[in-house]
There are 2 protein chains.
Amino acid sequence: MDRRLTRRGRARRDQLVDFAARRFAENGYHSTSVTDIVNGLGVGKGVFYWYFASKDELFCEILADAQRSLRRRQQQAIADEDDPVRRLEQGMRASITWLGAHPHLFALVQLATSEERFAGMVRAGEDVAVADTARHVKEGMATGRIPGGDPFAVAHAVLGVTNHLTRALVVERGEKPDDVADAAVAFCLHGILARPTTP
Amino acid sequence: MDRRLTRRGRARRDQLVDFAARRFAENGYHSTSVTDIVNGLGVGKGVFYWYFASKDELFCEILADAQRSLRRRQQQAIADEDDPVRRLEQGMRASITWLGAHPHLFALVQLATSEERFAGMVRAGEDVAVADTARHVKEGMATGRIPGGDPFAVAHAVLGVTNHLTRALVVERGEKPDDVADAAVAFCLHGILARPTTP
DNA sequence: TCTCTCCTTGACCGCGCGGTCAAGCGCCCG
DNA sequence: CGGGCGCTTGACCGCGCGGTCAAGGAGAGA
């Protein structure tokens, strides 16, 4: 849906995107009807279909925006960092901070995973994140900092820790993102048995 | 729904449970209609409501069965193991094997997470698994095998690695459960940086 | 063979969904 | 101050959903 929008139009559109994103995250995709959204905003149904071709399209846009925003945050967090292990760490910290700051978008991604129409987008985004992480791991292996193994398996493990700890501790138990990031990084770098070498 | 069932009745019920579980896992909860299920089995709609009070109830039953089955597998895997670290490892291996052997039930649990009605059940099951794991971690800390930290955070991290690696590598990429279990265990015990001590 | 309970059928119901559209309002620019 | 385009309204549509039910078949026990 492409329209020439005035300032007012852009504001309305943003309002719809924002409100819908929160409703989707709270109630799920199917349980959030277009009628719910427009009623919640106190506008007529036509407004929705003036800005979006379908409920699907709106959801896709929200999802794509969220993925883009998270990735940008990760990229800028590791931009001026040479050491691959430090890049990996900064990437994790950036993810946890971002996901903790936008819990409804985090929930929305989880949601999209179980919706066949959107699962492909999520998986694509995940693959990008894994590829990024795997690059750091490979580099670390090349310089001998990291012992051998499958970089993709390691990258997926890192992703698993990051996502799960953020959801369980930051989102559900309200712990501070920085503390959780410390725990997540320590776990991924040193595992359960080793004591982190405190320089 | 409680009924006196003959052998024939029990067979029909099992057939419904099994077929529905696979459809749910493939197509999602909302996209799998009761009509789909009964048509897929070539029976009338009344058959469904003879055995189940509602679509909800059927889904709950499938989910609860899956959780019970997984937990039993975990318990029997660690039954005669004294060392807490080995218990933790055996629990991970049992989970990965079970999830890999029942990918549709794994998918179904993921599904249930994003469905407000069922999310509570999933979280309860997760809490049980985390509590189990955390007990091993605490014990390991008590005997000095594991350095200090938050046992719950560690347990959640282990769960994150187990679930994510199983999904990404076993289910989606078809890798062998045992190999993935090796990688998962190595990651959790030694992290990225340390080289596993091969005795 | 009769009978009773278990099982099955499929037309039917009401509802709420995503989506449409003719009509009209009001802001902005000329 | 007027015209037109951006925006809004809300009644309406067709559909497919979860769920119901009166009726009838079939198999086991008497």
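To find a chain, count down the sequence lines: A is the first, B the second, and so on, and within it residues start at 1.
First and last contacts of DNA chain C with chain B, using any nucleotide atom under 4.0 Å from a protein heavy atom and ordered 5' to 3', fall at C/dC6 to C/dG10.
Annotation for A/Arg4: atom CZ does not count as buried by contact number, only 12 or fewer foreign heavy atoms lying within 6.0 Å.
Both cation-pi conditions hold for B/Arg173 and A/Phe152: the charged atom is under 6.0 angstrom from the six-membered ring centre and inside a 45 degree cone around its axis. By the 6.0 Å and 45° rule, A/Lys55 stacks over the aromatic ring of A/Tyr29. Judged by the 6.0 Å distance and 45° axis criteria, B/Arg117 is not positioned over the aromatic ring of B/Phe59.
Take A/Arg10 and apply the salt bridge (charged side-chain N to carboxylate O under 4.0 Å, His left out) test, not counting sequence neighbours, and it matches no residue.
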For nucleotides 5-8 of chain D, print each protein N/O atom paired with a nucleotide N/O atom at under 3.5 Å, atom names and distance only.
| from | atom 1 | to | atom 2 | distance (Å) |
| --- | --- | --- | --- | --- |
| D/dC7 | OP1 | A/Thr6 | N | 3.0 |
| D/dC7 | OP1 | A/Thr6 | OG1 | 2.5 |
| D/dC7 | OP1 | A/Gly9 | N | 2.9 |
| D/dC7 | OP2 | A/Arg4 | O | 3.3 |
| D/dT8 | OP1 | A/Arg12 | NE | 2.8 |
| D/dT8 | OP1 | A/Arg12 | NH2 | 2.9 |
| D/dT8 | OP2 | A/Tyr51 | OH | 3.0 |

Could you walk me through whether B/Ser95 and B/Gln74 satisfy the side-chain hydrogen bond (donor to acceptor under 3.5 Å, both in side chains) test, starting with their C-alpha distance in whole Å, then the side-chain angles of each, then the deciding distance to 0.1 Å, before giving a yes or no? CA-CA 6 Å; B/Ser95 300; B/Gln74 290 167 338; 2.8 Å; yes
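Looking at A/Arg87, its side chain does come within 3.5 Å of a backbone N or O of A/Asp82 through a donor-acceptor pair. The closest donor-acceptor contact from the side chain of A/Ser69 to the backbone of A/Ala66 lies at 3.5 Å or more, if one exists at all.
Using a 4.0 Å heavy-atom cutoff across all strands shown, B/Lys45 reaches at least one base atom of the nucleic acid.
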